[in-house]
Amino acid sequence: MELANRVKTLTPSSTLAITAKAKELKQQGHDVIALGAGEPDFNTPGPILVAAEKAMNEGKTKYTPSGGIVELKQAIVNKFQKDNQLNYTKEQIIVTTGAKHALYTLFQVLLNEGDEVIIPAPYWVSYPEQVKLAGGTPVFIPAKEENQFKLTPQELEAAITRKTKAIIINSPSNPTGMMYNKDELKQLGDICLKHDLLIVSDEIYEKLIYSGEDHVSIAQLSPELKAQTVIINGVSKSHSMTGWRIGYAVGPNEIIKAMTSLASHSTSNPTSIAQYAALAAYQMDDSFNEEMKGVFSHRLERLYQLLTELPGVSCVKPEGAFYLFPNVQEAVRKSGFSNVDDWAKALLEEEKVALIPGSGFGAPNNVRLSYATSMEALEEAAKRIKHFILHYKKA
């Protein structure tokens with residue numbers, strides 16, 4: 001049977017091969033340190049678990065409105081007023097089965113065949129695939145390390161064509177951890193207004209910032225930018241709820257209405273119990289998030305120090321999320337490899353450390369390391385990587 005053309009264009013996830021090999025080695029009894037995790041290593045807070053159990057006991061296990069329960073939408077309205085000084089109505093919100101599904105649904109209702117979406121690289125691996133599945137064309141702009149992996153206004157202007165329909169801004173970023181400040185967003189926003197581009201602002205890591213700077217949403221900067229922005233967010237990272245699959249999109253009524261109609265024919269609705277759990281998450285104070293941020297900040301400082309001491313490795317210090325994205329090109333070359341993917345595979349086989357090659361993120365000279373694991377594991381991983389760099393030579 002012939003598969004649909006749309007799935008033939010998909011690029012396999014860069015994490016799959018490394019993750020599968022790491023699991024295989026673990027099953028064989030090897031002490032594997034996996035630094036590929038894209039989720040906090042904290043359990044979901046107790047009040048959220050209690051709320052989920054309460055919802056089940058009260059029979060809240062049936063269908064809900066496709067766009068999410070009213071109570072959760074109101075909590076999201078309140079969150080934006082409190083955290084971002086942005087006023088939205090419940091009609092401008094759709095609750096989805098994770099932030100990834102919010103992005104997928106958005107591109108499905110937004111893009112026609114051949115429409116271009118600008119994606120700064122490095123990028124989260126699913127952005128280009130979702131654009132392609134909607135019939136769009138991803139247009140990559142390499143963001144330079146010397147610019148802290150941030151897109152410049154000049155680079156954005158040069159990439160825009162008559163087919164450009166949208167741009168994705170991810171701040172703080174996966175995989176780099178970089179973050180745009182207010183002035184940088186304003187400059188990019190002015191260009192988007194000039195060319196009538198929709199801004200897709202992925203803010204899923206907004207609660208995990210360690211630089212002391214405040215998170216800024218581009219929608220905050222002017223009513224015009226707010227009207228041209230769809231914000232993607234969720235509780236996965238902020239409340240350690242990756243498996244609960246609750247995200248949301250917030251933006252212009254027409255877009256949200258279309259997304260809700262599409263969702264009604266795909267998922268019907270996000271899981272009812274998980275919605276009530278997310279409601280409880282947004283009714284909590286900030287103590288859990290502050291605790292998690294403190295732990296992550298401590299790990300970041302230590303792992304960044306260890307990485308920058310490694311020969312042939314350089315690293316832009318991230319401001320948010322829970323990833324480091326070092327350039328290992330020189331270390332790879334000295335070990336006799338022609339590319340980072342083969343180097344990372346050998347590192348896993350020889351030293352049992354699993355990193356994610358940067359090729360899947362549009363940055364083939366880098367690797368992504370998650371510090372969402374224990375300090376002990378991070379320090380041991382750094383030792384093993386150092387030993388590999390100093391002693392391993394490809395035959």
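Please read all numbers here as calculations on a predicted model, not as lab measurements. Residue numbers start at 1 and run along the sequence shown.
Between the side chain of T105 and the backbone N or O of A102 there is no donor-acceptor pair closer than 3.5 Å. The main-chain N or O of A377 is found under 3.5 Å from a side-chain atom of S374 such that the two form a donor-acceptor pair. The backbone N or O of F42 sits less than 3.5 Å from a side-chain atom of S240, completing a donor-acceptor pair. T176 places no side-chain N or O within 3.5 Å of a backbone atom of F149 that could act as its donor or acceptor partner. The backbone N or O of P270 lies less than 3.5 Å from a partner atom in the side chain of Q275, making a donor-acceptor pair. A donor-acceptor pair is defined here as one N or O able to donate and one able to accept, closer than 3.5 Å; such a pair exists between the side chain of S171 and the backbone of Y180.
Residues Q220 and S217 bring no donor and acceptor atom of their side chains to less than 3.5 Å of each other. Under the 3.5 Å distance criterion, with hydrogens and angles disregarded, a donor-acceptor pair is assigned to the side chains of N233 and E206. Counted by atom type alone, S264 and S261 present zero donor-acceptor pairs between their side chains at under 3.5 Å.
Taking 4.0 Å as the cut-off between side-chain N and carboxylate O, E129 and K132 count as a salt-bridged pair. Between K186 and D190, at least one side-chain nitrogen of the basic residue sits less than 4.0 Å from a carboxylate oxygen of the acidic one, meeting the salt-bridge criterion. Between K317 and E301, at least one side-chain nitrogen of the basic residue sits less than 4.0 Å from a carboxylate oxygen of the acidic one, meeting the salt-bridge criterion. With respect to the salt-bridge test (charged N to carboxylate O, under 4.0 angstrom), the residues E350 and R384 do not qualify. Ion pairing between K73 and E91 fails under the 4.0 Å rule for side-chain N and carboxylate O. A salt bridge links K60 with E58: at least one charged nitrogen is closer than 4.0 Å to a carboxylate oxygen.
Because its NZ or CZ atom is both nearer than 6.0 Å to the ring centre of Y323 and within 45° of the ring axis, R368 counts as a cation-pi partner of that residue. Judged by a 6.0 Å distance limit and a 45° cone about the ring axis, K226 is positioned over the six-membered ring of Y88.
For the atom pair CG (L369) and CG (L355), the distance works out to 4.5 Å, reported to the nearest 0.5 Å. Here the OG-CG distance, from S335 to D342, works out to 12.0 Å after rounding to the nearest 0.5 Å.
The shortest side-chain heavy-atom distance between E309 and K386 does not fall under the 4.5 Å cut-off. Here the side chains of L303 and L324 are in contact, with some heavy-atom distance below 4.5 Å. When side chains are defined from C-beta on, K352 does not count as touching D31, because their heavy atoms never get closer than 4.5 Å. With a 4.5 Å cut-off on side-chain heavy atoms, K207 and K293 do not count as touching. Two residues are said to be in side-chain contact when any heavy atoms from C-beta on lie closer than 4.5 Å; F361 and V367 fail this criterion. Considering only heavy atoms from C-beta on, I33 stays 4.5 Å or farther from T373 through its side chain. Using a 4.5 Å heavy-atom cutoff, the side chains of W244 and T44 are in contact.
Here the two rings, on Y282 and H239, have centers that are under 6.0 Å apart. Aromatic rings from Y123 and Y127 are positioned such that their centres are separated by 6.0 Å or more.
With a 6.0 Å radius and a threshold of 12 heavy atoms from other residues, nucleotides or ligands, K163 has its NZ atom at or below the threshold. More than 12 heavy atoms of other residues, nucleotides or ligands lie within 6.0 Å of CD in E290, so this atom counts as buried by the packing criterion.
Considering all non-hydrogen atoms of both residues, T229 and S201 come closest at CG2-CB, 4.0 Å. Of all heavy-atom pairs spanning D202 and N170, the tightest one is O-ND2, 3.1 Å.
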Residue pair L198, I167: steps toward the side chain to side chain contact (heavy atoms under 4.5 Å, CB included) verdict: CA-CA 6 Å; L198 183 77; I167 178 176; over 6 Å; no
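Between F322 and F296, the ring planes are tilted. Angles from 30° to 60° get that label.
Cluster membership check: M178 does not share its hydrophobic cluster with L300, using side-chain heavy-atom separations under 4.5 Å among Ile, Leu, Val, Met, Phe, Trp and Tyr.
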